[in-house]
Amino acid sequence: MPASPDAPKSLRDPAVLDARRALADAPHVRPLRAFARTIAAERGAEVPDPDPLDGGVEARLLLLLETPGPSIGRTGFVSRDNATGTAANLFRFLAEAGIARRDTLIWNAVPWVIHEPGALNRAPRRSEAAAAAPYFAPLLALLPRLVVVVPAGRFAQEAAAPLAALRPDLPVVPIPHPSPTYVCTSPSVRERILAGLTQAARHLAGAP
């Protein structure tokens, strides 16, 4: 496994992206990649792959975003290394909280692309959250070491409600969305994100 990048937005480099794609079918992400393909076939929409530098099925922390943005087609990965402001913020916040990359899986509450080609980003609809809810159970089944769930943003927090019914023992630590749109509104947003991730890190440290 190659070394983790030491700066955000590394996947904008074509050579780095090619190297990441060469790892896309690694054993620890293969079941999740197959799951993504199943969802894509059922929903008739693209579902990006998990980043093979992350924990895959061995992840202990599930970081739940909202839905893949229009730019996801540039790499095909849900990754903190994508060349977006949200990904760059995640890269920095996770590192600052001391959360090991191998412990994480970044996923989306609505895992398929909801935008029409060329359209701007938009918020997912409640109907899309309802359609995505049945996919949580098979996702959890692929994550036997899961210790904590971190939903990012109000939509992901609401969409994650089925997780409590499926795994009432699983701590859920919500944080604000790491998009620059929100992070730049107030210093308190950054503080709340770091406080939540620090709390999640404590759950990881206290788990067997």
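Sequential numbering from 1 along the given sequence is applied to the chain's residues. These numbers were taken from a predicted model, which means no experiment stands behind them. All heavy atoms count here, side chains included; hydrogens, waters and symmetry mates do not.
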Exercise. Flag the pair Leu32 / Leu139 as yes when at least one side-chain heavy-atom distance between them is below 4.5 Å, and no otherwise.
Key: yes

Practice problem: Identify the heavy atoms of Phe155 and Pro124 that sit nearest to each other, and give their distance. | Solution: CZ-CB, 3.3 Å

Self-check item: Pairwise side-chain contact, Glu158 with Arg126, heavy-atom cut-off 4.5 Å (strictly under)
Solution: yes

Quiz item: Using a distance-only test with no angle check, is there a side-chain donor-acceptor pair under 3.5 angstrom linking Ser188 and Ser186?
Solution: yes

Exercise. Before giving the answer on side chain to side chain contact (heavy atoms under 4.5 Å, CB included), spell out for Val173 and Val149 the whole-Å C-alpha distance, their side-chain angles and the decisive distance to 0.1 Å.
Key: CA-CA 6 Å; Val173 181; Val149 176; over 6 Å; no

Self-check item: Minimum-distance pair of heavy atoms, taken over all atoms of Leu170 and Val147
Solution: CD1-O, 3.4 Å

Quiz item: Would Trp107 end up clustered with Leu163 when hydrophobic side chains under 4.5 Å apart are linked, directly or stepwise?
Solution: yes

Quiz item: Hey, what's the ring geometry for Tyr135 with Trp112, parallel, tilted or perpendicular (30° and 60° as the breaks)?
Solution: perpendicular

Quiz item: According to a 4.5 Å side-chain heavy-atom criterion applied to Ile, Leu, Val, Met, Phe, Trp and Tyr, with indirect links allowed, do Val47 and Ile106 form part of one hydrophobic cluster?
Solution: no

Quiz item: When rounded to the nearest 0.5 angstrom, what is the spacing between NE2 in His203 and CG in Leu61?
Solution: 10.0 Å

Practice problem: Tell me whether Val57 is reachable from Val148 by hopping between hydrophobic residues (I, L, V, M, F, W, Y) whose side-chain heavy atoms are closer than 4.5 Å. | Solution: no

Exercise. Test Arg80 against every option in Asn89, Asp54, Thr86, Asp51 by the side chain to side chain donor-acceptor pair (under 3.5 Å) rule and name the one that passes.
Key: Asp54

Practice problem: Spell out, yes or no, whether Val16 and Leu90 are grouped together once hydrophobic residues are joined by side-chain heavy atoms under 4.5 Å, including indirect joins. | Solution: no

Self-check item: Distance-minimising heavy-atom pair for Leu53 and Pro5
Solution: CD1-CD, 3.7 Å

Quiz item: Within a strict 4.5 Å, meaning less than it, do heavy atoms of the Leu11 and Ser79 side chains meet?
Solution: yes

Quiz prompt | Non-hydrogen side-chain atoms of Arg190 and Arg92 separated by less than 4.5 Å | solution = no

Self-check item: Within 6.0 Å of CZ in Arg122, more than 12 heavy atoms from elsewhere
Solution: yes

Practice problem: Could you tell me which non-hydrogen atom of Ala109 sits nearest to which non-hydrogen atom of Leu64, and how far apart they are? | Solution: N-CD1, 3.7 Å

Quiz item: Which residue, Arg21, Arg20, Arg37, forms the side chain to side chain donor-acceptor pair (under 3.5 Å) with Asp49?
Solution: Arg37

Exercise. With rounding to the nearest 0.5 Å, note down the distance linking CZ in Arg33 to CG in Asp25.
Key: 5.0 Å

Self-check item: Side-chain heavy atoms of Phe77 within contact of Pro48, under 4.5 Å
Solution: no

Quiz item: Are the side chain of Gln157 and the backbone N or O of Gly153 linked by a donor-acceptor pair below 3.5 Å?
Solution: yes

Quiz item: Are Val110 and Phe35 linked, directly or through other ILVMFWY residues, by side chains that come within less than 4.5 angstrom of each other?
Solution: yes

Exercise. Look up atom CD1 in Ile99 and atom CZ in Phe93, then write down how far apart they are to the nearest 0.5 Å.
Key: 12.0 Å

Self-check item: Heavy-atom pair with the smallest gap, counting every atom of His115 and Gly69
Solution: CE1-CA, 3.9 Å

Quiz prompt | Derivation and outcome, side chain to side chain contact (heavy atoms under 4.5 Å, CB included), residues Glu66 and Arg154 | solution = CA-CA 9 Å; Glu66 294 183 352; Arg154 185 176 302 171; over 6 Å; no

Practice problem: Answer whether the closest heavy-atom distance between the side chains of Leu63 and Leu105 falls below 4.5 Å. | Solution: no

Self-check item: Steps toward side chain to side chain contact (heavy atoms under 4.5 Å, CB included) verdict (Asn82, Ile72)
Solution: CA-CA 8 Å; Asn82 281 333; Ile72 203 73; 3.6 Å; yes

Practice problem: Could you pull out the closest heavy-atom pair between Ile39 and Pro111, with the gap in Å? | Solution: CD1-CG, 3.9 Å

Self-check item: Inter-residue atom distance Arg101.CZ - Phe91.CZ, 0.5 Å rounding
Solution: 7.0 Å

Quiz prompt | His28 NE2 to Leu23 CG distance, which is reported to the nearest 0.5 Å | solution = 8.0 Å

Quiz prompt | Residue list, side chain to side chain donor-acceptor pair (under 3.5 Å) with Thr67, at least two apart or on another chain | solution = none

Quiz prompt | Heavy atoms from other residues, nucleotides or ligands near CG of Asp18 exceed 12 (cutoff 6.0 Å) | solution = yes

Exercise. Enter the distance from Leu197:CG to Glu96:CD here, rounded to the nearest 0.5 Å.
Key: 9.5 Å

Quiz prompt | Over 12 foreign heavy atoms within 6.0 Å of CZ, Arg102 | solution = no

